[in-house]
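Everything below concerns the one structure shown next.
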Amino acid sequence: MKILGQIIIGVAANERRDSGEGMGHMPISYNPSGYIKAVQAVGGLPIMIPIGDPNTTKKYISMIDKLILAGGQNVAPEFYGEVNLTKSKDYNRERDAFELSLVNEAIRQGKPIFGVCRGMQLVNVAIGGTLMQKVENHWQSAPYTQPTHSIKNKKDSVLSKIYGRKSTVNSFHQQAIKQIASPLKISALSPEDEVIEAVESIDSTLKFLGVQWHPDFMYAARKEDLNIFRYAVHQL
Ligand code: MN
């Protein structure tokens, strides 16, 4: 679309009811700034899409060229037809419903989607896949800019063009893809436990790339993690 000569990237926002002492405990709508800064760094124009009425997503999607779905809470199991088997309270069902509507509308309007962590899981759910509710050993204690596990990237994947056939990634996820939705293929696995670490679309009606790690934490430190944003903004 290129309104005003810019590629406009909508980044779906998160909410906190309590932003903590430094911000007077006020409730906030926000994007982690890595998404915003990385999109700006590669020449896109990011705008935040706040959680709201799912009936408004048609308008939001019509305003943007591409959609980024960020990390955050676990996707609630009822959205993929399961009961909650965990003790986790890390859910925001209003966000789930709004973002599922954003995905459906983006697909209807032919707008590409880049999903990070929860964002990848949510798209998989939106198009018919399921999630593992709890995976072990994928929440690192190391700093978020430090890669802690390896990944193997499939030949002929977009991902291997950006990261090569082998790479290392950070890891902050409790859930992972269980059943992959049929319009997607696996493009990266964690070799030790076969956890799906990246997927991409194989269906021409869907333009989607999803990663389970956080390039938004790494874009300033490692060129591959900036280049995946470059790909998302300019080529996806
Ligand atoms: Mn991982």
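These numbers come from a predicted model, not from an experiment. When a ligand or atom number is given, it counts from 1 through the structure's own listing order.
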Student check: side-chain heavy atoms of [X] and [Y] closer than 4.5 Å:
X	Y	answer
Pro77	Tyr91	yes
Leu159	Ile228	yes
Phe229	Asp216	yes

side-chain hydrogen bond (donor to acceptor under 3.5 Å, both in side chains) test vs Gln212 passes for just one of His138, Arg118, Gln121, namely Gln121
Ignoring waters, protein N/O/S atoms under 2.8 Å from the Mn ion (ligand 1) are His138 ND1, His149 NE2, Ser171 OG, His173 NE2, Glu197 OE2
Just to verify, which of Tyr163, Phe172, Tyr144 counts as forming a ring-ring contact (aromatic ring centres under 6.0 Å, His included) with Trp213?
Tyr163
Are side-chain N/O atoms of Ser157 and Ser187 paired as donor and acceptor at under 3.5 Å?
no
